[in-house]
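Have a look at the structure below, then the notes.
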Amino acid sequence: MLSGGANPPQLSLIVPTYNEAENLPLLAERVRRAMGDCSFEIIVVDDNSPDGTAEVARALSRDYPLTLVVRTGERGLASAVAAGFGVATGPVLGVMDADLQHPPEHLRPMLAAIDEGADLVVASRYGPGGVNDSGFIRRSMSRAATLLARLLIRSARVTPDPLSGFFLLRRDIVDGVGLNPKGYKILLEVLVRGNARHVTSLPYVFQRRLKGNSKFNLREQGRSLGRILALSCVEARRWIPFIGPGKR
C-alpha cells in the first residue's frame, strides 16, 4: 500500500468487488485524476473473485494508495462495504461500484458538500438532473424498490435515491452504530441506523457497464425488497416505543 504520508487521507473510498479485474485499473486512474490534490485511499474489498481481481488490485497498490481486503468466507456487497468501513482511516467514507457506472468525477463535488456541512451526500439517479440509464428492466425494478422504500421508511424520504450505491458520509455517522448489512444495498441501512442529520443529494447519470457482467439479478432484487421490509420494522421500533427498543 502507498500511504501518501503520515496523515490520514481526506477520503477513504470503499469499492466492493467480485470479478472486476478489467475495470479496476480504469477506476483507479479516474479516481486519481478526479481527486486532484485531495488525498484519498481506495479500499478494495474483494469476495475472492476467480477472475484475478485481487492480483490486479495488488499490482495497482504499487502505483496508487490502494488497500486490498480479500474475503473468503462471506459474500455480498453491503457486508463488503461494512468490512471496508472497518479498515478505513479517513474522516470521510465513500462508497462506489468498480464498474464505472458511478462516475468518479463526481467525488470532488460530493466531498465539497461534506466540507460545507453535509453529514451524508447521496449521488442520486432520481430527482431533478438525475438519470438512470441502466436499461428498461433494471431501471423499472430499481424505481419500484425506491418508491417502496420511501413509502415504508421515513428515513428514506430525505433523498430521492435511498437505494443509491454511490455516496459519501462523515465517519462519525456510523461509528459505534450496529450496522447489519445484507444484500446489495447499504445506504438504506445507514439512513435507518446511522446518525445523519443533514443529508444532501447531488444528481448524476447512472451509466451502463462497459466491461464485465452485472451481479444484480431477480434474486438480489428479492433480497433487496426483503431488506426494505426488515428495515421498515427496525425504524418502526424507533417511532413507536411500545414495539420494542430503539433503532440499535
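- Counting heavy atoms from C-beta on, the side chains of M96 and L27 come closer than 4.5 Å.
- One finds the CG atom of L107 at 14.5 Å from the CZ atom of R33 (value rounded to the nearest 0.5 Å).
- Listed by chain and number, the residues in a salt bridge (charged side-chain N to carboxylate O under 4.0 Å, His left out) with R32 are E29 (sequence neighbours excluded).
- Looking at every heavy atom in both residues, V15 comes nearest to A98 through CG1-CB, 3.6 Å.
- Minimum heavy-atom separation, S39 to P9: OG-CA, 3.4 Å.
- Every residue was checked against the side chain to side chain donor-acceptor pair (under 3.5 Å) condition with S164, not counting sequence neighbours, and none meets it.
- The shortest non-hydrogen separation linking R71 to A83 is CD-CB, 4.3 Å.
- With sequence neighbours excluded, the residues that form a side-chain contact (heavy atoms from CB on, under 4.5 Å) with V87 are I43, V69.
- With hydrogens and angles ignored, the 3.5 Å screen pairs no side-chain donor or acceptor of D99 with any backbone N or O of N23.
- In this structure the side chain of D97 reaches within 4.5 angstrom of the side chain of L77, judged on heavy atoms.
- Put simply, the residue from L168, V190, V174 that forms a side chain to side chain contact (heavy atoms under 4.5 Å, CB included) with L93 is V174.
- The line from CE of M110 to CG of L169 is 10.0 Å long, rounded to the nearest 0.5 Å.
- Residue pairs meeting the side-chain hydrogen bond (donor to acceptor under 3.5 Å, both in side chains) criterion with at least one partner in residues 102-120, sequence neighbours excluded, are R30-E105.
- In this structure, L202 is not a member of the same hydrophobic cluster as Y126, with clusters built from ILVMFWY side-chain heavy atoms closer than 4.5 Å.
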I'd like to know whether L120 forms a side-chain contact (heavy atoms from CB on, under 4.5 Å) with I173, so could you lay out the CA-CA distance, the side-chain angles of the two residues, the decisive distance to 0.1 Å, and finally the verdict. CA-CA 8 Å; L120 171 63; I173 300 308; 5.7 Å; no

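- With sequence neighbours excluded, no residue forms a side chain to side chain donor-acceptor pair (under 3.5 Å) with R58.
- Looking at every heavy atom in both residues, L111 comes nearest to M35 through CD2-CE, 4.1 Å.
- Between the E235 side chain and the R154 main chain, a donor and an acceptor come within less than 3.5 Å of each other.
- Counting heavy atoms from C-beta outward, L231 and I153 have side chains that approach closer than 4.5 Å.
- Within the model, atoms CG of D172 and CG of N195 stand 8.0 Å from one another, a figure rounded to the nearest 0.5 Å.
- Qualifying side-chain contact (heavy atoms from CB on, under 4.5 Å) partners for L148, counting only residues two or more places apart in sequence or in other chains: L152, L225, I228.
- When the side chain to side chain donor-acceptor pair (under 3.5 Å) test is applied to S201, the partners found at least two apart in sequence or on another chain are T159.
- Considering all non-hydrogen atoms of both residues, T146 and P162 come closest at CG2-CD, 3.7 Å.
- Listed here is the closest heavy atom pair of S155 and V158: O-CG2, 3.2 Å.
- With sequence neighbours excluded, the residues satisfying salt bridge (charged side-chain N to carboxylate O under 4.0 Å, His left out) with R171 are D175.
- Scored by the side-chain contact (heavy atoms from CB on, under 4.5 Å) test, S49 finds Y18, N19, D46, D51, T53 as partners (sequence neighbours excluded).
- H198 contributes atom NE2, which lies 9.5 Å from atom CZ of R170 (distance to the nearest 0.5 angstrom).
- For the pair V92/Q10, no side-chain contact is recorded, criterion being any heavy-atom separation below 4.5 Å from C-beta on.
- To the nearest 0.5 Å, the span separating CG on L163 from CZ on R143 amounts to 10.5 Å.
- For the side-chain contact (heavy atoms from CB on, under 4.5 Å) test, residues two or more places apart in sequence or in another chain that qualify with V95 are V81, F85, F167.
- Rounding to the nearest 0.5 Å places OG of S142 at 6.5 Å from CG of D161.
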